[in-house]
Amino acid sequence: MEAKELLKELSLEEKAMLTVGKNFWYFESAKDLDGALVTDGPHGIRKQKVIGENMGSGESVEATCFPPACLSASSWDRSALFKEGSAIAEEALSEGVNVVLGPGCNIKRSPLCGRNFEYFSEDPLLAGEMAQSWINGVQSMGVGTSLKHFACNSQERMRFISNSVVDERALNEIYLRQFEIAVKKSQPWTLMCSYNMINGKYSSDNRWLLTDKLRSEWGFEGLVVTDWGAMNDRVEGIKAGLDVEMPGPNRSNVDAVINAVKEGTLAEEDLDKVVLRILELNMKAAKNRKTVSYDRKKHHEIARDIASNSFVLLKNDGLLPLDKSKKYAVIGEFARSPRYQGSGSSFINSNYVDNAYDELAARGFDVEFEPGYLIGNDADCSLVQRAVSLAGKKDAVIAFIGLTEEMESEGFDRTTLSLPEEHDRLIREILKVNSNVIVVLYGGSPMLLPWKDDVSSILLGYLPGDAAGEATADVLSGSVNPSGKLAETFPLSLSDNPSYGNYSTEEKNVLYAESILVGYRYYDYMHKDVLFPFGHGLSYTDFEYGDMDISFDDERKEAKITLSIRNTGPYDGSEVIEVYVEKLDSKIFRSVRELKGFEKVFLKKGEEKKVRISLDRSAFEYYSVPLGRFDIEDGKYRIYSASSSRDLRAFRDITVTGNRNPEVMDWKIGDDFSSLFKGGRLPLIAQRGEISLNTSVSEILENPKARKMFKPLIDAYLTPFEGKTDGMSRMMLSMAMDMPLRAVAVMTGAIRQDELEKLIKSF
Ligand code: BGC
C-alpha cells in the first residue's frame, strides 16, 4: 500500500501517535507498518543490547569502530568516506537497524568543542563533501542516515539551552552551507535538528530553518527528527516541519497534537504532511530490511585502511619511515592502549582493538616499551625515570602521547588546548637524553605542542578507530605513505582563535562575533602565524605541481581546471590537491581565499598525472544580505592550486562577469557585531529566566524552593549514573546540568510534560 493510502486510514489519535517515538530507538508503528529502528552513529553502530535501558546509555552490541570524523575527514578522500559508510550500513543491516544517526556535520568553530572529534572540518565545503560521501555510502546499501545537528550546534556547553547568535551571511556561507551540500548531493533519509536556539528560536520548531531553507530552498525530501530531548513545542514543531520527536513515548505531546487539531490551532493538513513523511520513512525501512551478515575481520581491515590513509604527518626531519637497522624505545601507554574513539553517544563497543607496540614488534622492528605514564593518572616519577633511561639507550624514541578521555567528550567542552602536563613533561625529559624523537599523537582535536621544534617527527593519528595499532604501524613503517591533511587549523594559542572570549562561557547567548571568519579564513585575514595550517600534511615522497589550465564558461560560471602533478620523490604516494579562490580588489568584506575544490590522486614514484577539478558557480559566490541570496561580484578572481592553505603552488586569474555594484560592505572583525543584524539589535534571550519547562537543572539547583520541588524528577535522571566513571555516565551527568526540565521529563518518563507544566504553574 502507498503511504498516501495508509494515511487516509489513520485516525487522528493514530496520526498524533506517529509524531513521537515509540521508545528510545524506535519510531512509532501504524496499523501493521512497523516503526523504523534508529541508532547512533556516526562511525559505527551503537545499538543497545536492551532497547530503552538507562535512557539510551546501556551497553551496546559489538561493532567495528571505524575512524571518527576528525580522522576520516583528514583523508580528504570521498571514496574512503563512501567505503566507511557502506561498511557501517552492512553492520546496521545485520542488526536490523534502519537509520544510522550521523554524520555529524557541525562546523569546528573552536578547537575547544568537546565533540569536534565527531565533526569533519572548520570549512563547509570539505565538511559537506565528506558528509555527502558518507551518506551516499550508507544509503547505497538501503540504510538511512540522519544528518546532524541542524544547526549552529558548535559547542557542547549549555547545548540544550544556549542561543547561537549568528549573522545572516555567516549562517549562509558557513554554518548552513555544509548541510546544503550534503542535502543536495545525497538526500539523507532523515536530518536531526539541534538542541540549541538560533537567533532566539529553538531549532526544533524553527520554520525558517526546517521548511524555508531545508525543504523549499534546498529541496530536502526526507524526514526531520529532533535530537534526543530537543523538542521545544510539539505543535509548533509540526507547523515548522519537524516530523518525529525522539525519544518517546511522550503521551502528553500526543495529546497536545490531538487537542490542537480539535481546537483548530493546528491544521490537520499540516499534521498530515508530517505523518506522510513518517509513513514513507517507515515504508522505506520495511522495504529495505534484509538479513545480512558481515565479516568482522574484513571490516577491521577497512577501518585500518581508512585510518592509515588519513593519518597526518605534521613534521618529518627524516626519522620516518622507521629503519629496521635501528633500535627504538617505544614510550607512552598509548602505544599499548591507544585512545581510539571519543566518549558519548558515538561510543562503539569494540573488543577488537590492536596497538602500535605489538604491531611494530610483529613487523620485526627492534622495539622496547616503557609506559612513561598511566592514562588518566597523575605523573609517576618512577615511570618517567624508567622511560628516560630506556630512551637514552636507543637510536631513537617513538613517543605516544595525546588527549585523554577525560579531556574531550560529548556533553562538555575543553578548557585548554594543552596536552596533559605529564605528557609534555615526558617529551621534555626524553629530549634531554635523546634528540631523535618521533611523536605520535592521539586525540580528537588540535593541541598545543610546545616542544614542536625540538622533536624530529610528529605523526597525528587523531582517534584512529579499532585498527589504531595496525594503522599506526603501517604509517610509521612506511608500508603506507601518509597522505592525510588537516581539516582544521592548529593555532599557536587558544587566544588566537577567532571565537576566543565568545565561546563556551557562562553566557546562554553565544555570539558568533567573528561572523564568516572561521578557522583559516580568520588566520589568513589577520596574517596570523599558526602551528599547522589548514590543509597541511606531509608525505614520505615529494610532489611537483605543474602549471594550471583553466577553461571558464562565464555564462554558466563553471571553471574546469587541469593541472599536472608529478611524484618526484622516492616512494609511491597520494597527494591532495587543494583549490582556493581569491577575489582580487573586492569591495566586500571577505576572507583572503577560500577552499573551493579538492581531489586526491595516487601516483607511483616518478609518475605524472593530469588532474581535473571543476568549480561551479558557488566557487565565486558570497551571500548578499541586502539581496537575501547568494551573488557574484564582478571582476578578477585568482585561482590557486595548493598543497595546503599556506603552501600555494600555482595560480591563474580569470574574469567573472557579475554584479558591478554589490553593496560596499566594510564591516570588519572587531566592529560592532550588532550592526550585522536587522535594526542593529542582537536577537538575545534572557540569561536567567522564570521557572519554566525550559529551565535547566543547574538553574533549578540554584533556587532552594525549586530545588526541593523538582528534586524527585532530577533524581530520576541522575541516580542511574551517580558514582559511575565510564565515559557514557560521565557524559550523562555533565549533560544533566544544562538539560531543561521538559527534556528530563521525557528522558526519564518520571512525569508527563503537562503534569510538569502544572507543577511549574503552582510554583
Ligand atoms: C546526541 C545525538 C545522538 C542522540 C542519540 C544526543 O544526545 O546529541 O548526536 O544521536 O543523543 O543518542
Side-chain angles (χ1 to χ4, degrees), residues 21 23-27 36-49 51-61 63 68-69 88 92 97-106 113-120 131 134 138 144-162 179 188-196 202-204 223-231 244-248 341-349 409-413 696 717 721 727-740 742-744 746-748:
N23 52 37
F24 234 87
W25 303 111
Y26 276 98
F27 287 178
L37 169 60
V38 305
T39 71
D40 288 305
H43 42 265
I45 298 300
R46 187 176 71 92
K47 181 192 169 195
Q48 274 192 265
K49 286 188 177 158
I51 300 282
E53 193 197 48
N54 276 358
M55 295 169 239
S57 71
E59 198 187 338
S60 53
V61 298
I88 289 173
V97 172
N98 307 115
V99 175
V100 182
L101 301 174
C105 209
N106 296 94
C113 177
R115 211 173 179 182
N116 270 355
F117 69 88
E118 265 189 81
Y119 299 145
F120 294 114
W134 188 91
V138 177
T145 56
S146 201
L147 180 62
K148 67 191 188 182
H149 310 86
F150 193 55
C152 300
N153 177 194
S154 288
Q155 80 174 43
E156 287 298 284
R157 189 187 178 89
M158 296 202 227
R159 64 178 169 154
F160 281 93
I161 47 171
S162 61
F179 287 104
W189 289 16
T190 82
L191 173 141
M192 186 191 291
C193 81
S194 61
Y195 288 121
N196 52 282
Y202 276 108
S203 300
S204 63
L223 169 151
V224 180
V225 59
T226 59
D227 197 343
W228 269 229
M231 191 73 251
V244 178
E245 170 189 353
M246 285 300 275
Q341 65 171 326
S343 298
S345 62
S346 68
F347 189 85
I348 305 299
N349 176 12
S409 164
E410 178 178 341
F412 57 85
D413 297 313
S696 70
Y717 180 95
F721 307 108
M728 179 66 78
S729 301
R730 275 191 291 114
M731 180 203 67
M732 296 296 279
L733 282 169
S734 81
M735 208 162 95
M737 291 303 136
D738 299 336
M739 202 176 262
R742 61 169 160 77
V744 179
V746 179
M747 291 280 194
T748 56

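Read the numbers this way: they start at 1 and go in the same order the structure lists the ligands and their atoms. Heavy-atom basis, side chains included; hydrogens, waters and symmetry copies ignored. Each residue takes its place number in the sequence, starting with 1.
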Trainee: Taking the side chain as every heavy atom from C-beta outward, state whether Phe160 and Arg742 have any pair of such atoms under 4.5 Å apart.
Mentor: no
Trainee: So if I count the atoms of ligand 1 from 1 in the order they appear, which ones are less than 4.0 Å from some heavy atom of Glu410?
Mentor: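 Numbered from 1, ligand 1 contributes 1 (C), 6 (C), 7 (O), 8 (O).
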Trainee: Side chain, backbone, both or neither: which applies to Phe160 and ligand 1 if a contact is any heavy-atom pair less than 4.0 Å apart?
Mentor: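 It is neither; nothing of Phe160 touches ligand 1.
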Trainee: Yes or no on side-chain hydrogen bond (donor to acceptor under 3.5 Å, both in side chains) for Ser203 and Ser194, after CA distance, side-chain angles and deciding distance?
Mentor: CA-CA 6 Å; Ser203 300; Ser194 61; 2.8 Å; yes
Trainee: Out of curiosity, Leu147 CG to Leu101 CG, how far, rounded to the nearest 0.5 Å?
Mentor: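 Interatomic distance, Leu147 CG to Leu101 CG, rounded to 0.5 Å: 11.5 Å.
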Trainee: Taking distance alone, with N or O pairs closer than 3.5 Å, would you say Arg159 contacts ligand 1?
Mentor: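 For ligand 1, there is an N or O atom that lies under 3.5 Å from one belonging to Arg159.
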Trainee: Consider ligand 1: state whether an atom of it lies below 4.0 angstrom from any non-hydrogen atom of Met192.
Mentor: yes
Trainee: Quick one: does Glu118's side chain have a donor or acceptor within less than 3.5 Å of a partner on Ser346's backbone?
Mentor: no
Trainee: So which bit of Gln48 gets within less than 4.0 Å of ligand 1, heavy atoms only: side chain, backbone, both or neither?
Mentor: neither
Trainee: Which of the listed options, Leu101, Val38, Asp40, holds the heavy atom that is closest to atom 3 (C) of ligand 1?
Mentor: Asp40
Trainee: Atom 7 (O) of ligand 1: which protein heavy atom is closest, and how many Å away?
Mentor: Tyr195 OH, 2.9 Å
Trainee: Hey, is Phe24 one of the residues with a heavy atom under 4.0 angstrom from ligand 1?
Mentor: no
Trainee: For ligand 1, which is the ligand I care about here, please tell me if Lys148 has any N or O atom under 3.5 Å from one of the ligand's N or O atoms.
Mentor: yes
Trainee: Closer than 3.5 angstrom, by distance alone: can the side chain of Asp413 be matched with the main-chain N or O of Gln155 as a donor-acceptor pair?
Mentor: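 Not confirmed, Asp413 side chain does not pair with Gln155 backbone.
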Trainee: Is the side chain of Glu156 donor-acceptor paired with the backbone N or O of Gly411 at a distance under 3.5 Å, no angle test?
Mentor: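 Present.
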Trainee: Relative to Tyr195, does Arg115 satisfy both conditions: NZ or CZ under 6.0 angstrom from the six-membered ring centre, and within 45 degrees of the ring's axis?
Mentor: no
Trainee: Provide, to 0.1 Å, the distance between atom 4 (C) of ligand 1 and the closest protein heavy atom, together with that atom's residue and name.
Mentor: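 Result for atom 4 (C) of ligand 1: Asp227 OD1, 3.5 Å.
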Trainee: Side-chain contact test, heavy atoms from C-beta onward, threshold under 4.5 Å: evaluate it for Trp134 versus His43 and give yes or no.
Mentor: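 Answer no - side chains too far apart.
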Trainee: Is it true that a side-chain atom of Lys47 and a backbone atom of Thr39 form a donor plus acceptor pair closer than 3.5 Å?
Mentor: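 No, the answer is negative, given that no donor and acceptor are paired below the 3.5 Å cut-off.
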Trainee: Please could you name the atoms of ligand 1 that His149 approaches to less than 4.0 Å, counting only its heavy atoms?
Mentor: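 This gives 2 (C), 8 (O), 9 (O) as the contact atoms.
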Trainee: Distance under 4.0 Å to a non-hydrogen atom of Trp25: what atoms of ligand 1 satisfy this?
Mentor: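 The atoms of ligand 1 under 4.0 Å from a heavy atom of Trp25 are 5 (C), 12 (O).
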Trainee: Check each heavy atom of Arg46 against ligand 1 and say whether those closer than 4.0 Å belong to the side chain, the backbone, both or neither.
Mentor: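 Near ligand 1, Arg46 shows its side chain, while the N, CA, C and O stay back.
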